[in-house]
Amino acid sequence: MSSTNNAPPSTAAASKRPKYSKFTQQELPACKPILTPRWVISAFMLISIIFVPIGVAALFASRDVIEIVDRYDSVCVPANETDKVKYIQTPGFKTCNRTLTVPKHMKPPIFVYYQLDNFYQNHRRYVKSRNDQQLRDSKEANSVSGCKPEDYNNNSAIVPCGLIAWSLFNDTYSFSRKNVPLNVSKKDISWKSDREHKFGKDVYPQNFQSGSLIGGAKLDSSIPLSEQEDLVVWMRTAALPTFRKLYGRIEVELQENDVIDVTLGNNYNTYSFNGKKKLVISTTSWLGGKNDFLGIAYLTVGGLCFFLAVMFTIIYLVKPRQLGDPSYLSWNRNPGWH
Amino acid sequence: MAGGGGGRGKRKKLQFSKIYSFRCGKQSLQDDHSQIGGPGFSRVVYCNEPDCFEAGIRDYASNYVSSTKYTLATFLPKSLFEQFRRVANFYFLVSGILAFTPLAPYTAVSAIVPLIIVVGATMVKEGIEDWRRKQQDIEVNNRKVKFHKGNGVFDYTEWKNLRVGDIVKVEKDQFFPADLLLLSSSYEDAICYVETMNLDGETNLKLKQALGVTVALQEDSDIRDFKAIVKCEDPNANLYSFVGTMEFEEQQHPLSPQQILLRDSKLRNTDYIYGAVIFTGQETKVIQNSTDPPSKRSRIERKMDKIIYLMFFILFLISFIGSIFFGVYTRDDLQNGRMKRWYLLPDDTTAYFDPRNAPLAAIYHFLTALMLYSYFIPISLYVSIEIVKVLQSMFINQDVHMYYEEADKPAHARTSNLNEELGQVDTILSDKTGTLTCNSMEFIKCTVAGIAYGRGITEVERAIDRKKGSPLRNDGVNGDVDLLSSNAKSSIKGFNFRDDRIMNGNWVNEDNADVIQKFFRVLALCHTAIPEVDEETGKVSYEAESPDEAAFVIAAREIGFEFYQRAQTSISVKELDLAFGKKVERVYQLLNVLEFNSTRKRMSVIVRDEERKILLLSKGADSVMFERLANNGKSFEEDTMEHMNEYADGGLRTLIIAYRELGDDEYTKFSKKFNEAKNSVSADRELLIDEAAETVEKDLILLGATAVEDKLQNGVPDCIDKLAQAGIKIWVLTGDKMETAINIGYACSLLRQGMKQIIISLESPEILALEKAGDKNVLGKASQESVLRQIKDGKKLLDASKGSTTEAFALIIDGRSLTYALKDDVKNLFLQLAIGCASVICCRSSPKQKALVTRLVKSGTGKTTLAIGDGANDVGMLQEADIGVGISGVEGMQAVMSSDIAIAQFRYLERLLLVHGHWCYRRISTMICYFFYKNITFGFSLFLFEAHTAFSGQSAYNDWFLSLFNVFFTSLPVMALGVFDQDVSARFCLRFPILYQEGVQNVLFSWRRILGWMGNGFTSAIIIFFFCIKALEEQAFRDDGQVAGYAIFGGIMYTCVVWVVNLQMALAVSYFTLIQHILIWGSIAIWYLFLVIYGAMSPTFSTTAYNLFIEALAPSPSYWIVTMFITISALVPYFTFSALQMRFFPMFHGTIQWIRHEGFSEDVEYCDMVRQSSIRPTTVGHTARLAAKSRREQNDNFGLG
């Protein structure tokens, strides 16, 4: 009645009645899950049923891995040397010999890692101190932004620039068994995408480690970066201050109780920051290297869920309660418990 | 209020002007008019010459009105400013700017893009809303009105085209397009009736009259040569004043508000008027008067601000901790010139990492950390909530159960800010007329000669019957109610009387036929209505001053006493002659009208019938009528009284009908005295008239009593009952008389027999005496004391009955007492009293008082208030309350325009609150909790990682992972939760009103719950991070011997976070539609998709994520196994908690879900049992009334036994 007040009768307005649909009326079909005892118990049971076998499998996988870890940073400094930092900073190649015993038969591929401790490869200053364009493209040799202070040397750009490259790990390992050298393959130890797309095939090191302060390893300036796999591996920074990096692969079988002589070039300075250095020789399983955590964790959580399932079952059996108990709707009850 | 009272008397007389050729006295206010031309009074209007040069140079505003917030030019700066006024957005802006400095832990672009998306989305939303307002403006501005084109030709034009000086012709029931000067009307004396509902909410028509000199302008052609110059005041906001003069035919005529027709008021009962436009557009009084509506924010949002501050605190705290560690580490890097972490080259570094100035580096780090941990603050929270609320409002608008068929009006949420507030309402403050009642009176019952007639049933009786008959009728279906009431609806408006004994002429066969005849004759004669005979059908309709008067005349007509003509001094009625048995036309000579007013509480007419007998016909309130009965006129007194009590308890408005015959002498004596009084000019003229009337209104003979239903809107009693069950308190604030208000209180079951009424009023004899004496100071003081005393007495009464559950109190207070009760020193006491009472009715309250009461409740109790009203007099209340609900009824749009939500009928409030309110409350609170949960999970995992990078400010994830987390991978499911989730369906919400208490007690957004969710976030982050580093450690993570570097570690952890927060959402949702499925699983899928696509881009762009998924993650079994393990482990704590909660401490909704799940909802008996135990012992509503009644009956039986 009031809508027709406007002077000339407007065209008969269409009804404003909302269109009925399940959507607009919020009546869409839906499942309305609620935590009935059956659901809760089944869910916990299901989790434990899935988790326990996976845990067992993971544990087996981890146990299958043979791993030899040898910490050598302190042993490889002569005992009479009091200032380890000074020792390591003295120029010259410092060799050190270690012998390792193979505890169990190891099938190739056997991976050789170096492990550093307390080394913050994930430090923000460190992570950013590189220039990806320069690494990839020979024309970009002069783009050194972000590489300070390792960007220029004598006014010419350093390739590869930045702290990461500059601090390249330079310990070396060579292995022999019964005086027969074990060949360590250094090919394909880096990620394929890194080799092929992040490090240029025509980018050659220049001006590298030529300054007054030498950080880590030097690079052969006749080999393109993409083939300098130690660098490529190193440049893929680690997530945590304790990390391993792939050094190479041994492609032959090692028998149980084989004794392996390692000739180390102990050059890398971890002494300044109290870092450890370890040499790791390890096989892998389908889950990777040796780490019991995942298996144990799976078993624990699976067990816990089993326990909870049992608890809920007991509660359900011992003290069954109609869960729609209206006494919980009592007016005087304080509804808030959460 | 005094002003209102005074105005009332005047209006009444003015309306009589038509009957008695009353002429409005010309007002000349020489004092004011001398100011014309001076400052503030400089306006000059050239009537009918809008184009003339003088008018041109004055450049008055156009009649275009605009209510938009922005214009095209101001939109960008203004809305941006609005955006960045929010602390969180400002923070993001600052960190976005800082991201361009080397401080930033991520690239600037990745920080700016989400901000742009978020701010952009909000601005789009603002833009759309403003566009809607614009559309509304366009509608108003394009309304058509007839205006003078020239040469006496009128044509339609749009409102916006009107200019000052135009002559317009407004026709019946049209709105005035601007402030007009009335020139002439279809009535000869140039009066017109105006309805000012939109301005002041008064439903009475007001009379305006043009100056005598312009009366002659009766035809369109008369306008052709009309010329006048109006000089008047400048535009101002005062609705009730106008100062101006009109120069017409070289004479000055003073103008007063009497000649001014204001925009937004409506022409009534008048065929057309001619008017000259004086003020246009923004200069009109009504627009000058409008204030910007206060912007309201919901309680939840205000609390959310607090959470954001808490988050900022956490953010600063952990940044601070990080900075201290960072400073220590950095300082240690250089000792005695020896570099410790030589690979960082600490002796050749920027200030950010300089060990020689570690404190400064720490401060820089602090800034970096603030940016890095910005993920603690959900950037998309505001925009998500806003979008969700808009969608929620759409659902409210779309609800067919809140659509009112008759008026074609759906519900309309005008602001979306307050959706969740609807779920927390503690007190409803309701207007009466037009809100609870339809403002239509229906003659429904009468008692004549001690016999009760009328079988019509009132809405209350209907509600109670329904309750008794079928306790488990289907609550959800409002359609039922509609059907019932529409079936029973009478075909004649104002008449709902059913009784075969009287109808269809059967009354002649009754024993007391002569009394019945007299009774209806009084109804047909004793009034001031004007008949309008439809010439085609011969049907008579009436224009009456008040709807109950109309109801009487209509009732008389329907029974067979058809009043059809009113002349200056006579009233003609067609009535049945008992002797002949057929209809005859009788003319009664109208001698005097003794008017109704609030002190007399009665009205009489003196007529001379065809037998020359002089009759005094009278109707009035029982309180004044019974004492005026003659000794021989009391034969039916007892029965009548009994019936009247019954009627009153049913909420009906009763009037006593009586008459007496006057002897000629007596009449002559009276007439002389009465005329003297009428003609006197002294101040106590009214008093003299009343005294004169008093002398004849005595020795009356009782005929009977009428009962008129102030018709409640459909379903009001049911709705009130439901709301009461939900624990919502209902106050009625009305401008009506106390009696009417109490009637309605009964009708709505807010009052019932046996309730103790605490009435606070200033109608006591002492106060009235003081009032007569006229000393304002003394009166004020006495009133104050009286009110205080009454309040204290009431409080005492209340305190005395504490502990008793059956006793309920009702507080009824009138407007004048309210003035004192709202004074600062009394109001708290008053509030305490009011809170203690089951129902509160404030009558005769002015709009301002309504607003003040609302404010008192709001600030005094700290609870959420909802005001509901339909008239302009409710605007203050609507704006003051936390939520204003406007009834988009017949009474104009003012209330709707200032409301937050408009509904068409009071009963929709039930669904609006119990269903939509509850849902929205639940959705928004869960949504906010979840938002903080997910951002804490994400942000804290960043922190844990940073702690492992020597607090250097390195983030665990790729820059784009970071910035898209809030925007892409987690935002949609939570919005779906906000829009679609429902704990239980609408049916159950209505069936178990107790559920609403979750909102009132705010359990879903208590600090406990918020902190619980936050704790859940921290737990998840810890589980994710530590399990990740333990599982990945330093060993090879796949069989080709590769180890998990920074990029892979970030990728795995991020995958876990995405899974965990999305599955957490899946666990939290209790209404899983297809949409939720798509969005939750879709979000996870989008993450993988993103990884693939982003990883396929050139390494320049994808940096660490290059080929990450394809090459490194997907082929590694440990990636999948770790993800699964961490995802499930991180959810086990929450899952266990909810299972325990559901088992041992279920919340209301949990229990109701159970009831539904176990299928008991179909079990009628069980449900009834549950309802009984869940229903609060209500003190109002018809459930309570029924209970009280059965208690009383039990007691009675006991007494008898």
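FYI, side chains are in, hydrogens and waters are out, and symmetry mates aren't considered; it's all heavy atoms of this structure. Residue numbering restarts at 1 for every chain, and letters A, B, ... go by the order of the sequence lines.
- When each of Gly1045(B), Ser1098(B), Gly1041(B) is checked for heavy-atom pairs under 4.5 Å with chain A, Gly1041(B) comes out on top.
- Screening Phe119(A), Tyr268(A), Phe169(A) for a ring-ring contact (aromatic ring centres under 6.0 Å, His included) involving Tyr343(B) leaves a single residue, Phe119(A).
- Ranked by heavy-atom pairs under 4.5 Å with chain B, the list Gly275(A), Gly302(A), Cys31(A) is led by Cys31(A).
- Inter-residue side-chain proximity for Tyr329(B) and Phe353(B) is flagged as unmet; no heavy-atom pair is nearer than 4.5 Å.
- For chain A, the nearby part of Pro102(B) is the backbone; its heavy atoms alone come within less than 4.5 Å.
- Arg338(B) touches chain A through its side chain: at least one heavy atom from C-beta onward sits under 4.5 Å away, while N, CA, C and O do not.
- For CH2 of Trp39(A), the number of neighbouring non-hydrogen atoms (other residues, nucleotides, ligands) closer than 6.0 Å is 12 at most.
- Only the backbone of Asn118(A) comes within contact range of chain B, judged by heavy atoms closer than 4.5 Å.
- When the candidates Asp399(B), Thr1073(B), Leu345(B) are compared by the number of heavy-atom contacts under 4.5 Å with chain A, Leu345(B) comes out ahead.
- When each of Asn397(B), Leu1032(B), Ile1048(B) is checked for heavy-atom pairs under 4.5 Å with chain A, Ile1048(B) comes out on top.
- Heavy-atom pairs under 4.5 Å with chain B were tallied for Val40(A), Asn291(A), Thr283(A); the largest tally goes to Asn291(A).
- Taking the six-membered ring for Trp, Tyr126(A) and Tyr120(A) have ring centres at least 6.0 Å apart.
- Under the 4.0 Å criterion applied to side-chain N and carboxylate O atoms, Asp333(B) and Arg125(A) are not assigned as salt-bridge partners.
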Review point. Given the rule in the side-chain hydrogen bond (donor to acceptor under 3.5 Å, both in side chains) test, do Ser1118(B) and Ser1116(B) qualify, once you have shown the distances and angles that lead to the verdict?
Key: CA-CA 5 Å; Ser1118(B) 35; Ser1116(B) 325; 5.3 Å; no
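- The aromatic rings of Tyr113(A) and Phe111(A) are tilted relative to each other, their planes meeting at an angle between 30° and 60°.
- Here the side chain of Thr1103(B) pairs no donor or acceptor atom with the backbone of Pro1099(B) at under 3.5 angstrom.
- The backbone N or O of Gly215(A) sits nowhere less than 3.5 Å from a side-chain atom of Trp342(B) that would complete a donor-acceptor pair.
- For chain B, the nearby part of Leu308(A) is the side chain; its heavy atoms alone come within less than 4.5 Å.
- No more than 12 heavy-atom neighbours from other residues, nucleotides or ligands sit within 6.0 angstrom of CZ on Phe307(A).
- Of the two parts of Ala297(A), the backbone and the side chain both hold a non-hydrogen atom closer than 4.5 Å to a non-hydrogen atom of chain B.
- If you measure heavy-atom distances from Tyr352(B) to chain A, you find no contacts under 4.5 Å at all.
- Both the backbone and the side chain of Phe23(A) come within contact range of chain B, judged by heavy atoms closer than 4.5 Å.
- Among Lys19(A), His197(A), Gln26(A), the residue with the largest count of heavy-atom pairs under 4.5 Å with chain B is Gln26(A).
- Asn122(A) places no side-chain N or O within 3.5 Å of a backbone atom of Ala238(A) that could act as its donor or acceptor partner.
- Using a 4.5 Å cut-off between heavy atoms, Val1132(B) contacts chain A through its side chain alone, with no backbone atom that close.
- At a 4.5 Å heavy-atom cutoff, the contact between Ile1075(B) and chain A is made by side-chain atoms alone.
- In this structure, chain A has a heavy atom under 4.5 Å from the side chain of Thr368(B), while its backbone stays farther away.
- Only the backbone of Ile189(A) comes within contact range of chain B, with at least one heavy atom under 4.5 Å from a heavy atom of that chain.
- The most heavy-atom pairs under 4.5 Å with chain B, out of Tyr271(A), Tyr20(A), Phe44(A), come from Phe44(A).
- Both the backbone and the side chain of Phe273(A) come within contact range of chain B, with heavy atoms under 4.5 Å apart.
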Practice item. Any chance you could lay out the side-chain hydrogen bond (donor to acceptor under 3.5 Å, both in side chains) test for Ser62(A) and Asp292(A), step after step, and finish with the verdict? Key: CA-CA 6 Å; Ser62(A) 170; Asp292(A) 288 351; 2.4 Å; yes
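- The main-chain N or O of Val233(A) is found under 3.5 Å from a side-chain atom of Lys245(A) such that the two form a donor-acceptor pair.
- With a 4.5 angstrom heavy-atom cutoff, Lys22(A) does not touch chain B via any of its atoms.
- Interface remark: Lys32(A) contributes backbone and side-chain atoms alike to the contact with chain B (heavy atom separation under 4.5 Å).
- Of the two parts of Pro109(A), neither the backbone nor the side chain holds a non-hydrogen atom closer than 4.5 Å to a non-hydrogen atom of chain B.
- Between the side chain of His123(A) and the main chain of Ala950(B), no donor-acceptor pair closer than 3.5 Å is present.
- Ranked by heavy-atom pairs under 4.5 Å with chain B, the first of Arg124(A), Arg136(A), Arg236(A) is Arg124(A).
- With a 4.5 Å cut-off on non-hydrogen atoms, Ala956(B) does not touch chain A at all.
- For a residue to count as touching a neighbouring chain, one of its non-hydrogen atoms must lie under 4.5 Å from one of that chain's; by this rule Met394(B) does not touch chain A.
- For Val979(B), the part lying under 4.5 angstrom from a heavy atom of chain A is the backbone only.
- Between the side chains of Gln1141(B) and Ser1138(B), no donor-acceptor pair of N or O atoms lies under 3.5 Å.
- Comparing Gly295(A), Ser193(A), Ser282(A) by how many heavy-atom pairs each has under 4.5 Å with chain B, the most go to Ser193(A).
- Looking at Ala43(A), the atoms closer than 4.5 Å to chain B (heavy atoms on both sides) all sit in the side chain, from C-beta outward.
- A salt bridge links Glu171(B) to Lys146(B): one of the charged nitrogens lies within less than 4.0 Å of a carboxylate oxygen.
- A distance-only check finds no donor-acceptor pair linking the side chain of Thr349(B) to the backbone of Pro346(B) [under 3.5 Å].
- Gln1153(B) places a side-chain N or O within donor-acceptor distance of the main-chain N or O of Asp983(B), the cut-off being under 3.5 Å.
- Heavy atoms of Trp166(A) lying under 4.5 Å from chain B belong exclusively to its side chain.
- Contact annotation for Arg249(A): neither backbone nor side-chain heavy atoms come within less than 4.5 Å of a heavy atom of chain B.
- Contact annotation for Glu405(B): only side-chain heavy atoms (C-beta onward) come within less than 4.5 Å of a heavy atom of chain A.
- At distances below 3.5 Å, at least one donor-acceptor pair connects side-chain atoms of Glu998(B) with backbone N or O atoms of His1149(B).
- Remark: side-chain polar atoms of Trp286(A) are not paired, donor with acceptor, to backbone N or O of Pro1117(B) under 3.5 angstrom.
- Between the side chains of Gln115(A) and Arg244(A), a donor-acceptor pair is found at a separation under 3.5 Å.
- When heavy atoms are compared at a cutoff of 4.5 Å, Gln982(B) approaches chain A solely by way of its side chain, counted from C-beta outward.
- Ranked by heavy-atom pairs under 4.5 Å with chain A, the list Phe945(B), Phe1049(B), Tyr1046(B) is led by Tyr1046(B).
- Both the backbone and the side chain of Leu287(A) come within contact range of chain B, judged by heavy atoms closer than 4.5 Å.
- Listed options Asn1002(B), Asp1040(B), Asp332(B), Leu1067(B) were ranked by heavy-atom pairs under 4.5 angstrom with chain A; first place goes to Asp1040(B).
- With a 4.5 Å cut-off on non-hydrogen atoms, Gln133(A) touches chain B through its side chain but not through its backbone.
- For a residue to count as touching a neighbouring chain, one of its non-hydrogen atoms must lie under 4.5 Å from one of that chain's; by this rule Asp348(B) touches chain A with backbone and side chain alike.
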